Amino acid sequence: MFESPLKSNARNAWSESQEELSETEPVSPVSKGNRGKKKKKRRQQPQQQKTEKRSVSAPQLCAEESFDREDEQSEKRYTDYDEPIVRGIFQIGKKSHDVLLTSMRVTWSPIQPETPTGQSETLRRTEYVELKDVFGVKVKRRRSAGQETGGTLLGITLFHCKKKGPKLKDHAIHFNNMSVDHCEIWFKKLKEILSGFQNRPKSLKVFVNPASHKKEAYQIYRDDVAPLFQLADIKADVTITERKGHALSVLKESNLDGYDGVVVVGGDGSVAEVAHGLLLRAQMDAGRDTDSMFTPVRATLPLGLIPAGSTDVVACSVHGIRHPVTAAMHIIMGHHQEVDVCSFSCLGRLLRFGFSAMFGFGGRTLALAERHRWMPPGQRREFAVIKTLAKLKPEDCELSYLPVKKVQTETLDPVKNEYLKDDMEEEESWTTTRGLFLNVSIMAIPCLCSMAPRGLAPNTRLNNGSMALIAAGNTSRAEFIKHLKRYNSVNNQFSFSFVETQTVWAVRLRPRSQSSWSDDIAEDNGEYDSKNTPIISSEGAYPWNIDGDLLEVPSELLIRLHPQLLTLFVSPPG
């Protein structure tokens, strides 16, 4: 289904067979002149050498064969870590190499000619690849144009994960040997070892949002992600979402027992929906009543995030970079990390799970942008920010929070897969402030993006058991703009007298006025002419920005942190 010209060296040789790679051999007439005879003579000499050394080039099972003194010394260099499994001769590049397979690595060194005294001219340069970095092995064949099956055996190819700075990339190593028996033994042994990595997924449920950003999500999955999943022999059940809430309904209703993980290809809105769906499904399976206060259970399946949106705040925060191949490699290699998640409740009823929230300026900017979705994404965001700043008004609300030092830490019950209940209902633990706020942010992740390279909450980590509460009080428009600009600079964005930060475990925000975010006409007519006057109306709809998704809350919102509630496919810390 996903077939296209592929970009990397590792994916250029991919054929429809899941066990084979192919190189197309052009069909062209061969000259019968003297030049052809010379080529034939040159081919006869390697054939004679191959016949003389047939016992050396055949695969050797190291548990059954013995080596001479030089081979024993070489093997000792190779196997400082574990016992050898199989050994043989392969051509890598243009040189023949002595290759050794152990349970932890594949090691090779070039075969050097010997001097008349029996000594090698130079020391052999040994190279290796750790099997924990290898994610695929394929049989390599040469096929003529139009040939779909069969072909001339060339050898085997290993695909491994290579780190280059913050990025992960796929890389191919070709081990050439035209012996069928030789390649079959190596292929089987490598497959056996790779199948032993338990955290690596074999089957994934994939959601692709085709409307994300510039409608690039489907192309990103088809060109960058799907070929890597195929090389790793991962079966992907792909759902192209057709509407908002489609992924949520699938997660709530489908049987997920046959999957090893869930992957979402899209922006922050898609990530928020799928993360909420996974956690909501876990509560449903555990019999939790989400219409009352409850202690949530952990999601059973890990979640993979492929960035394909306009900002990708969540993906950038967990991967540190906005790079689809890096995200795909974390999924393929089975890198896991448990992360903290927030729950958002109103009047005792769960609204959703998420990672971050903004009220005030952040919520109203998103609400305005959502009503102008006919505009291109970049223009829509810029328009919403400028217009919201032009009509900047404070929110009159009551803000309460539980500092981390006043709260008992939740502990995981390994039997029930849930966290023990906390004592957050003790009213004396809450710290409450009342007043006018331009913006209130609550974040359980750093919230990295291109506009805030250090993060909206740079002191927050993925699983440190706390949230960052950032409250910007009432001030002039010019001072607030200076505060916003600091996010894109090296200066401290919190060094303003009107900005207060707290490390918290729970937040309760109760608006004390009825606000309307849908009445643009009233604002345009200059109905509010004082920066000290809060927005008042009778509608009572309060816009919240939850992970880039608009959520309308009728009254008080309670935000609680749940440590390590969700597992993500991401590089573990350290």
Side-chain angles (χ1 to χ4, degrees), residues 1-32 35-36 39-51 53-54 56-60 86-99 101 106 108 129 134-160 170-195 222-224 226-236 332:
M1 178 177 178
F2 301 100
E3 295 181 2
S4 66
L6 304 177
K7 299 177 181 178
S8 69
N9 293 334
R11 300 191 289 274
N12 280 338
W14 173 249
S15 69
E16 291 183 357
S17 170
Q18 295 224 351
E19 299 297 334
E20 295 182 354
L21 296 169
S22 65
E23 288 188 352
T24 303
E25 181 180 28
V27 179
S28 59
V30 179
S31 173
K32 296 183 180 180
R35 187 177 180 182
K39 288 185 177 180
K40 186 173 182 181
K41 288 180 181 179
R42 286 199 297 268
R43 291 194 192 102
Q44 289 176 354
Q45 294 179 355
Q47 182 65 29
Q48 292 174 359
Q49 295 176 0
K50 185 176 180 180
T51 304
K53 297 185 178 181
R54 181 173 300 170
V56 176
S57 62
Q60 300 175 7
V86 63
R87 188 176 187 175
I89 303 297
F90 285 94
Q91 182 176 334
I92 304 175
K94 296 182 179 181
K95 294 183 178 181
S96 294
H97 287 70
D98 181 13
V99 186
L101 171 66
V106 177
W108 62 93
V129 60
V134 176
F135 64 90
V137 55
K138 301 295 176 184
V139 174
K140 183 180 178 183
R141 298 182 184 275
R142 176 179 287 119
R143 293 171 180 166
S144 301
Q147 184 179 1
E148 296 182 357
T149 60
T152 304
L153 176 68
L154 296 179
I156 60 175
T157 300
L158 290 185
F159 299 92
H160 70 102
D170 55 294
H171 184 71
I173 306 174
H174 302 285
F175 295 86
N176 298 323
N177 189 304
M178 302 179 71
S179 169
V180 175
D181 294 337
H182 192 98
C183 293
E184 182 180 0
I185 291 176
W186 277 79
F187 181 81
K188 288 182 177 180
K189 294 295 182 182
L190 286 165
K191 278 286 189 181
E192 289 174 4
I193 296 173
L194 295 182
S195 63
R222 181 193 62 193
D223 295 347
D224 296 333
L228 291 174
F229 284 174
Q230 291 174 332
L231 290 176
D233 294 333
I234 295 176
K235 296 180 180 178
I332 291 169

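This is a predicted model, so every value here is computed, not measured.
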In Å and rounded to the nearest 0.5 Å, what is the CZ to CE distance from R142 to M178?
7.5 Å
Could you tell me the separation between the CZ atom of F187 and the CG atom of L158, rounded to the nearest 0.5 Å?
10.5 Å
Between the CG atom in N177 and the CD atom in Q91, the distance rounded to the nearest 0.5 Å is 9.5 Å
Rounded distance (nearest 0.5 Å) linking atom CD1 of I156 with atom NZ of K140
11.0 Å
Output for pair (L228 CG, D170 CG), nearest 0.5 Å, gives 4.5 Å
Would you say the rings of H182 and F90 are close, in the sense that their centroids are separated by under 6.0 Å?
yes
Residue pair G155 / C183: nearest heavy atoms and the distance that separates them
CA-SG, 3.6 Å
Using the rule given for side-chain contact (heavy atoms from CB on, under 4.5 Å), can you reason through V106 versus H160, listing the C-alpha separation, both sets of side-chain angles and the distance that settles it, and then say yes or no?
CA-CA 11 Å; V106 177; H160 70 102; over 6 Å; no
At what distance, to the nearest 0.5 angstrom, does CZ of R87 lie from CG of L101?
12.0 Å
What verdict does the side-chain contact (heavy atoms from CB on, under 4.5 Å) test give for L194 and F135, after you've listed the backbone C-alpha separation in whole Å, the side-chain angles of each residue and the deciding distance to 0.1 Å?
CA-CA 7 Å; L194 295 182; F135 64 90; over 6 Å; no
Taking all heavy atoms of A236 and all of F229, pick out the closest pair and write down the distance.
CB-CD1, 4.4 Å
Heavy-atom nearest pair, P227 first then R222, reads CD-O, 3.2 Å
Decide yes or no on salt bridge (charged side-chain N to carboxylate O under 4.0 Å, His left out) for E184 and K188, but give the supporting numbers first.
CA-CA 6 Å; E184 182 180 0; K188 288 182 177 180; 3.1 Å; yes
If you look at every heavy atom in W186 and G88, which pair is closest and at what distance?
CZ2-N, 3.6 Å
Quick one, V134 and I193 - any side-chain contact, counting heavy atoms below 4.5 Å?
no
Per side chain to side chain contact (heavy atoms under 4.5 Å, CB included), W108 is matched among D98, V129, I89 by V129
Assess the residue pair H97 and N176 against the criterion (side-chain contact (heavy atoms from CB on, under 4.5 Å)); give the C-alpha distance rounded to whole Å, side-chain angles, the decisive distance to 0.1 Å, and a yes or no.
CA-CA 10 Å; H97 287 70; N176 298 323; over 6 Å; no
